[in-house]
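Beneath this line is the structure, given in structure tokens, with notes to follow.
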Protein chains: 2
Amino acid sequence: MDDLRLSLRLLRAYMVAVDCGSITGAAEVLNVAPSAVAAAIDRVEAEFGATLVVRARARGITATPAGRALAARIRPLIEDYSDVMQQGYALSQGLRGTLHIGYYAPIAPAFLPHILRNLTDNTSELNFSLQECDNITAQSGLLDGTLDVALFAGDELLAGVETRSLMDLPPYVLAPKGHALSARSELSLRDLHDTPLVLLDLPVAGAYVRRLLRAAEVTPHVVATCTSVEMVRSLVGAGAGVAVLNMRPRTQQSYGGDILRTLPLTDGDPLHLVTGRAAGTPRRLVQVFQDRLHDWFTGPEARELITL
Amino acid sequence: MDDLRLSLRLLRAYMVAVDCGSITGAAEVLNVAPSAVAAAIDRVEAEFGATLVVRARARGITATPAGRALAARIRPLIEDYSDVMQQGYALSQGLRGTLHIGYYAPIAPAFLPHILRNLTDNTSELNFSLQECDNITAQSGLLDGTLDVALFAGDELLAGVETRSLMDLPPYVLAPKGHALSARSELSLRDLHDTPLVLLDLPVAGAYVRRLLRAAEVTPHVVATCTSVEMVRSLVGAGAGVAVLNMRPRTQQSYGGDILRTLPLTDGDPLHLVTGRAAGTPRRLVQVFQDRLHDWFTGPEARELITL
DNA sequence: CAAATACATCTGCTTTTCTGAGGAAGAATA
DNA sequence: TATTCTTCCTCAGAAAAGCAGATGTATTTG
């Protein structure tokens, strides 16, 4: 790795001097003393071992053909530098770039697109990377920098992740239309005793439901475990059993075409949905997204995602 | 003109650190202490006001998406910088670029192409700018940097121009074939008395010829003054008169198709053909060209340009 | 639990860069 | 011709940037 023998400052001073045809003029443009500009020219010439500018005592300076050619190549360099700096500043101030979102919320398709569309309304230079992941990978993604922000269940927090509570998600029972349980006016976890259960067996949700049932002293009769919410829904729709879930999409129909019912439970601790990001100053885009997300979740539409 | 808030060194250190995924590793690559790299990252993050890398105590660092994007934009910047520096070094060391040549030697087409061809034999990235000019503009071109090197008559030198003698050019008489003067075995300037004269009236040559004739106490009978050698030759060929010149091309025929004779003179001070360049260290290309030129003028081919 | 790894922080040193004063050379002007 | 103006040059000292090395700490690894 060769050293940067001439700093950008030096090269820029040289370039401006060539453009101005004057050391004094360049010094004014650059807000430095003329001697600094003269020194810069000396350094550049010494480094390259050639006469790049001709100095005339009272008439300023003139670049040689080679000197002009060099200055011409420095200009785009400075401009590129400015572009990079611009992008750097835009990181914290502007709404542009790619927002990397991780979510452990299988029904995120029900609401994330709305929020993202609001975000992208004004600006165009905005991209999103949406990554479905479990609770653990979401958080480690935040920590190792592959994710800007994540939605996940607020249990089992890792150090270094700053979270904000989004919403409490009470559990509900998902049952096929016409299921015996839907006849009840009130439903408790105890009522699930001996009922065939389809379990969403993802890192946090699985343990959560098991804990819920254990707390209610219900021995689950698990007929199927799935790693996909839609598989759970379709199994339930097909009559394989019922499921305990927390969020629901905006459709009552499963992929299998069956009609599903969401039955509120009178007991059971809610799951905490949170947004998280790595500790430290986030760029503005991340903050804005997070704010919009929280705004949306305080609104009426968010209510439709849960079953009370 | 905004200041260059972050130096290239800083940006490069940041970039290398992101690439390495390690401050220590980057420090080794850059041959600096880890603390310097850490400080660089701090500076960049502080400047942009955003978290760009996630630091894990014993596992190195990982860039956030934004940090990676920024690093990716720094890389071409560094490469462009290297390119510029390469060109800079090539100025003094390599035979590339554009060589700006000015010449006050109207028959330069007779020899310059040979020399330039030799120069361009090995390398291909070589361009030439050939500018016909008079003695004064040639030298001021050197001084103001528009010319790298010039050929001109060594009289009336300007300060700041370093010259090397190329060749002494004795005057000769150009006459049409069959002219009365060609019958003589020896020809002196005095023999031109009353002979119609075509004068090349260029800044130095005109004065030179007039001085020559005055010194020989010959009153010139100027029938035409021209600013182009070929016009002089064609006028002479057409029988308008004779001319006193110093260099001759490698053809005896004028544009008008007439045959011309060059008759040596026994008297008359020669004109000094010199090469000149601005004082200071020239780039190697200029030196090489100048050397080749002088080499060529010590060879036998140069003799054909003068008439003894 | 100990060793190894790698980041964090701090202090003082070195190099780079800048300033400001004084001077000199060429150009413009009276 | 003498004077003034502009502009560049030089140099010493000061400010800033960059760096090394020591020390401390969190985390991983054996």
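Just so it is clear: chains get the letters A, B, ... in the order the sequence lines come, proteins before strands, and each one is counted from 1. As a basis for the values below, the full set of heavy atoms in this structure was taken, side chains included, without hydrogen atoms, waters or symmetry mates.
- Residue-environment remark: CZ (B:Arg5) stays at or below the threshold of 12 foreign heavy atoms within 6.0 Å.
- As rounded to whole Å, 16 Å separates atom C1' of C:dC7 from atom CG of A:Leu143.
- B:Arg73 CZ: more than 12 foreign heavy atoms inside a 6.0 Å radius.
- For A:Phe48 and B:Tyr89, the distance between ring centers is under 6.0 angstrom.
- Counting any heavy atom pair closer than 4.0 Å across all strands shown, A:Arg5 reaches no nucleic acid atom.
- Here the side chain of A:Arg57 is nearest to one of C:dG26, C:dT17, C:dT19, namely C:dG26.
- If you find the closest nucleotide of DNA chain C to B:Gly25 and to A:Leu10, the one lying nearer the 5' end belongs to B:Gly25.
- Residue A:Asp42 contributes atom CG, which lies 13 Å from atom P of C:dC18 at whole-angstrom precision.
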Please step through salt bridge (Lys or Arg N to Asp or Glu O under 4.0 Å) for the pair A:Asp201 and A:Arg210, ending with a clear verdict. CA-CA 10 Å; A:Asp201 203 12; A:Arg210 288 183 214 272; 3.4 Å; yes

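- Side-chain nitrogen and oxygen atoms of B:Thr24 include none within less than 4.0 Å of the OP1 or OP2 phosphate oxygen of C:dT5.
- For A:Arg57, the side-chain contact (heavy atoms from CB on, under 4.5 Å) criterion is met by no residue, not counting sequence neighbours.
- When each of A:Arg55 and A:Ala58 is assigned the nucleotide of DNA chain D bearing its nearest heavy atom, the one mapping closer to the 5' terminus is A:Ala58.
- Atom-to-atom, CG of B:Leu4 to P of C:dC18 comes out at 10 Å; the value is rounded to the nearest Å.
- Shortest non-hydrogen contact noted between B:Arg12 and A:Leu4 is NH1-CD1, 3.2 Å.
- In this structure, the CD1 atom of A:Ile23 is 16 Å from the P atom of C:dA25, given to the nearest Å.
- Applying the 6.0 Å contact sphere to CD of A:Glu162 captures more than 12 heavy atoms from other residues, nucleotides or ligands.
- Among the atoms of the strands shown, only primed sugar atoms or phosphate atoms (P, OP1, OP2) are found under 4.0 Å from some heavy atom of B:Ala56.
- Interface limits on DNA chain D: the 5'-most and 3'-most nucleotides within less than 4.0 Å of chain B heavy atoms are D:dG18 to D:dT28.
- Rounded to an integer number of Å, the gap from B:Glu45 CD to C:dT9 P is 11 Å.
- Comparing A:Ala39 and A:Arg59 along DNA chain C, the residue whose closest nucleotide (by nearest heavy atom) sits nearer the 5' end is A:Ala39.
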